[in-house]
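The structure appears below as structure tokens.
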Amino acid sequence: MGTAQILFWSLTALALISAIMVLVSKNPVYSVLWLIVVFFAISGHYILLNAQFLAIVNLIVYAGAIMVLFLFVIMLMNLNTETEPQKSIWMKFFGVVAGGLLLSFFISFVISSADLKGKSAQLKEGEIGLIKTLGKALFNDYVIPFEIASILFLSAMVGAVVIGKKD
Amino acid sequence: MQHIWIVLGVLFVLLNIAAGLIWLERRMLAMWQDRLGPNRAGPLGILIVLADTLKLFFKEDWIPPFADKWVFITAPAIVVASVLMSFVIIPFSPSIIVSDLNVGILFFLAMSSLGVYSIVLGGWASNNKYSLLGALRGASQMIAYEVFMGLSLMGIVMLTGSFKLSDIVNAQKDVWFVFKQPVALVIFFIAGVAETHRLPFDIPEAESELIAGFHSEYSGMKFGMFFIGEYLGVTLISAMTATMFFGGWLGPAFLPPWAWFFIKTFAFILFFILLRASLPRPRYDQLMETGWKVLLPLVLLNLMVTGAIALWIRG
Amino acid sequence: MFCKNKTCNTIHYSPLTIHNYYMSDASAILTSLHQQFDAVTFVPQQTVDNIDTLWLPKENIVAVVRYLKNTISAPFNLLYDLCGIDERDRMGKEKLPAKDFTVIYSLFSLDRNKFIRLKVALEGEYPSIPSITSLFKNANWYEREVYDMFGIKFEGHPHLQRILMPLTWQGHPLRKEHPARATEIGPYRLINETIDREQDALQFKPEEWGMKRESDDADFMFLNIGPQHPGTHGVLRIVLQLDGEDIVDAVPEIGFHHRGAEKMGERQSWHTYIPYTDRIDYLGGVMNNLAYLLAVEKLAGIEVPDRVKVIRVMLCELFRISSHLVWFGTFAQDVGQLSPVFYMFTDREKVFDIIEAVCGGRMHPNWFRIGGVAQDLPKGWDGLVRDFVKYFPPKIKEYTNMVIRNSLFKGRTKGIGVYTLDEAIEWGVTGPGLRACGLDWDFRKKQPYSGYEMFDFEIPTAQNGDCFDRAVVRVEELWQSLRIIEQCLNNMPEGNYKADHPLTTPPLKKYTMQDIETLITHFLNVSWGPVIPAGEAMSCIEATKGANSYYLVSDGNTSSYRTRIRTPSFPHMQMVPYVSKGYTVADLLSILGSVDFVLADIDR
């Protein structure tokens with residue numbers, strides 16, 4: 001197994017374990033911290049796929065800003081397991097069953113899909129993830145969705161300021 | 001094999017600088033305040049560093065029983081780890097650079113966003129109203145000023161065409177970027193002071209207002225870690241300013257390139273200390289207002305003007 | 001008064017009414033009071049300091065105060081002081097309407113430049129009297145202090161609780177049966193019960209103060225600042241009710257610095273009390289001696305020579321500069337500027353060099369004496385003072401540039417902690433806090449004492465009444481103090497450094513070696529202490545922080561019967577919650593710094 005393979009499997013394991021810890025942690029702050037670990041693992045995966053820009057931006061935006069805001073809300077709301085209403089055991093059981101069904105549906109879809117069979121991801125090859133190519137693609141082929149997305153962000157910001165303003 | 005020596009060497013130098021800053025800051029502050037500062041331990045008082053470090057190590061490692069133990073312990077580690085990681089991309093000389101990433105500047109911004117966590121988690125884990133107030137204010141301040149820091153560097157990226165720091169240093173061979181991007185320099189430096197929460201932006205740890213803010217429950221080496229993290233942050237911003245705007249290791253040949261780099265970095269470190277000695281502290285809402293209402297339009301304007309001039313030159 | 005016998009046609013005058021008749025043309029206030037309240041018996045009392053003093057029954061006090069504050073022309077709108085006296089041991093009280101306790105209301109009229117003193121005689125072990133908090137907002141703490149010290153209850157007071165003594169204290173200290181020394185009380189033992197009781201008393205219960213724990217939208221956070229806090233300049237506890245970052249209400253808790261100075265006045269002789277006064281406003285040094293001694297000298301009838309007056313003025317102004325330098329440095333430091341305080345303390349060392357050469361001591365020289373000063377000025381004092389007068393002006397300019405003109409400093413202080421002139425008068429603010437609202441009131445000009453009328457200086461004022469203006473006023477006062485010191489330097493009169501009066505303590509020694517009578521008097525004066533004739537007198541000076549008064553009651557003994565110290569910082573601290581409503585915690589520190597209080601001044 002080459003270094004890339006070792007890295008891939010360890011990052012996968014890290015991502016999966018952290019994701020499970022997100023669900024299992026009793027303390028909501030711990031859940032957020034495990035989610036940040038998940039994002040680090042995913043960024044690692046992106047780097048293996050040579051999408052460096054995406055990896056770093058994932059860190060800056062998701063792990064660096066959005067998760068901090070999650071933490072703010074959780075800290076200010078002061079949630080504790082004692083105040084959390086306890087769900088009944090049947091609800092948990094049916095939740096697991098429903099989630100498992102969804103997962104098996106996705107896996108069967110991927111396995112049965114023809115053009116994804118037999119290909120492995122390109123590791124450390126190709127130019128797709130580099131910033132130059134990404135920039136060219138964004139501003140040439142996808143310029144309209146890009147501009148619309150920026151207007152969407154602007155409206156969200158303005159909305160937040162309007163709602164949060166004190167009169 | 002060569003690489004491991006570079007890594008270890010950079011680490012060694014950085015930790016020594018951070019420790020040495022303890023002494024340097026106290027002596028410089030004292031000089032600017034008409035007093036002596038530490039001058040007894042060792043020649044010129046330099047062994048104060050050893051004394052302080054030993055003192056911190058020997059203090060009782062007390063974790064408040066009401067605090068969240070694991071978060072309390074990891075919070076100081078995060079700040080040191082993230083700042084040390086940021087040094088990975090800085091070119092000390094043409095051959096000494098730990099990892100010349102393609103996305104160098106973005107990596108620097110990513111690591112500074114991670115630094116916010118140490119404040120938020122440190123304040124929360126102390127389970128103390130004072131610390132929480134300080135932490136939340138510090139976090140908002142840091143997130144806001146990260147935006148300006150990133151945007152101010154984008155002008156240079158436009159002029160260079162690359163995120164790699166070694167490319168940026170090489171692009172300054174004829175003229176330093178300080179002459180081409182003066183507004184960006186000012187904004188980057190201000191944002192850098194806010195990022196490292198030093199005076200005049202040290203509201204999270206404002207001594208006379210909230211005692212020690214988010215790190216008021218910390219003692220011993222964990223407190224020491226916060227301080228090392230702060231000094232490393234100061235060194236980082238000084239190093240980045242020297243690299244991005246003042247030519248990094250470029251300089252006349254009578255000194256080796258790394259010497260030029262260190263001279264420039266130290267000049268900015270001294271400027272950080274001078275700021276601490278001289279300026280009062282703005283109130284939190286004044287700080288945020290100035291950021292969003294003054295700095296953001298300025299940095300966007302700078303970006304637009306740089307882009308326009310770059311297009312005009314090229315075309 | 002008409003004779004009660006209906007057939008009798010003569011008009012009988014009771015002795016008290018005759019007294020009223022002869023006194024009533026002494027002031028128009030009395031006549032208008034008599035016209036307004038013809039059923040009430042006002043008994044005037046002649047005091048040594050010539051302040052109108054009237055006794056009246058307790059049922060009428062609220063109505064009379066309301067009349068004096070609102071209705072009369074040029075009203076008495078400043079409640080200057082509210083204190084109590086335990087009259088049970090007083091000699092010679094048959095001549096006065098006094099019974100067991102007396103509550104004294106000192107009102108001041110800025111328009112008339114006059115004080116008026118209203119006294120109410122109370123009977124019984126723990127009497128009660130209606131409260132005037134509905135009329136004067138700053139009566140609140142004064143009445144709490146009288147309750148704390150004497151056990152007199154004020155009906156209608158919003159929250160009558162001890163203020164200077166701990167909440168668990170048994171007894172009321174200024175009552176004559178309360179012991180003054182710890183050796184008279186009994187050994188103190190700290191058992192678990194005591195610890196629990198004390199800790200419980202320290203717990204802050206918002207409901208007692210009329211504060212709600214939550215509003216419609218949010219919970220309020222109760223934040224405790226102090227007693228140990230670098231920003232409060234002393235041992236002070238403030239409990240803040242916060243809505244997020246904004247202050248909804250605040251409750252200051254004082255009394256940590258209370259040392260029983262007023263009780264000590266009753267134990268110490270007139271002469272040996274002088275060191276206690278130094279420590280009331282510990283930055284004011286000799287200025288506190290002056291306030292006390294002006295009252296003693298009024299009682300004793302001593303006129304001091306001009307040289308004494310000028311020496312006293314010079315030293316007081318030096319201490320004013322020293323105190324303002326401390327204020328300046330610590331204010332800048334609170335706002336975040338760490339360096340100026342070091343420079344200002346170096347300048348303060350130069351002031352202390354002069355003071356040490358003259359007085360022998362630095363912060364607590366206790367150098368003034370009854371009737372003069374302790375010794376003559378040393379040879380070479382003028383060189384020291386001249387050096388300082390040359391050295392200091394460029395420094396003030398430097399500090400003005402460094403701090404006052406700094407835009408971050410202005411951003412932290414302009415528009416913060418604003419109060420109007422009417423609010424200042426309502427709350428009893430004096431000193432630079434009042435002058436920053438636009439009124440040029442300074443007791444050195446309006447009621448000159450100790451020779452200030454001979455000097456040429458200006459009173460700086462400002463218009464807005466915010467923190468920045470108070471800072472600017474104090475910096476200007478540095479210039480004016482320097483001007484006064486220069487005039488003292490150039491015009492020091494020759495003469496004796498002590499008055500030639502039998503009650504001067506210690507007396508001039510020149511005849512003691514030759515004349516047995518003088519030796520006996522000298523010996524008695526320094527051992528027993530002088531016997532100051534019976535009477536009451538109040539001195540009022542413009543101290544570094546505001547108006548400082550010593551109200552001394554003597555019943556012809558070697559020590560004072562009652563020493564009441566009216567300090568400027570007490571009403572200033574009372575006003576802080578009112579001023580800081582709506583500002584943030586960071587602004588609270590600016591406000592505390594601009595108020596310039598000294599905890600020892602508040603607590604005595």
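The analysis underlying the following values was restricted to heavy atoms, covering all of them including side chains, and did not include hydrogens, waters or symmetry mates.
Distance CD1/A:I47 to CG/B:L101: 8.0 Å, rounded to 0.5 Å.
With A:I56 as the partner, the side chain to side chain contact (heavy atoms under 4.5 Å, CB included) test is satisfied by one option alone out of B:L109, B:I105, B:L106: B:L106.
Side chains of B:V103 and A:V57 form no contact here, defined as non-hydrogen atoms less than 4.5 Å apart.
The environment of CD1 in A:I144 is sparse: at most 12 heavy-atom neighbours from other residues, nucleotides or ligands sit within 6.0 Å. A:I89 CD1: 12 or fewer foreign heavy atoms inside a 6.0 Å radius.
With a 4.5 Å cut-off on non-hydrogen atoms, A:V61 does not touch chain B at all.
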Donor-acceptor pairs under 3.5 angstrom involving side-chain atoms of residues 65-72 of chain A: please list them, not counting sequence neighbours.
none

If the cut-off is 3.5 angstrom, what donor-acceptor pairs do you find between chain A and chain B?
unit_1 : atom_1 : unit_2 : atom_2 : d
A:N27  : ND2    : B:D68  : OD2    : 3.4
A:Y30  : OH     : B:D68  : OD1    : 2.5
A:Q52  : OE1    : B:N102 : ND2    : 3.4
A:A63  : O      : B:Y117 : OH     : 2.3

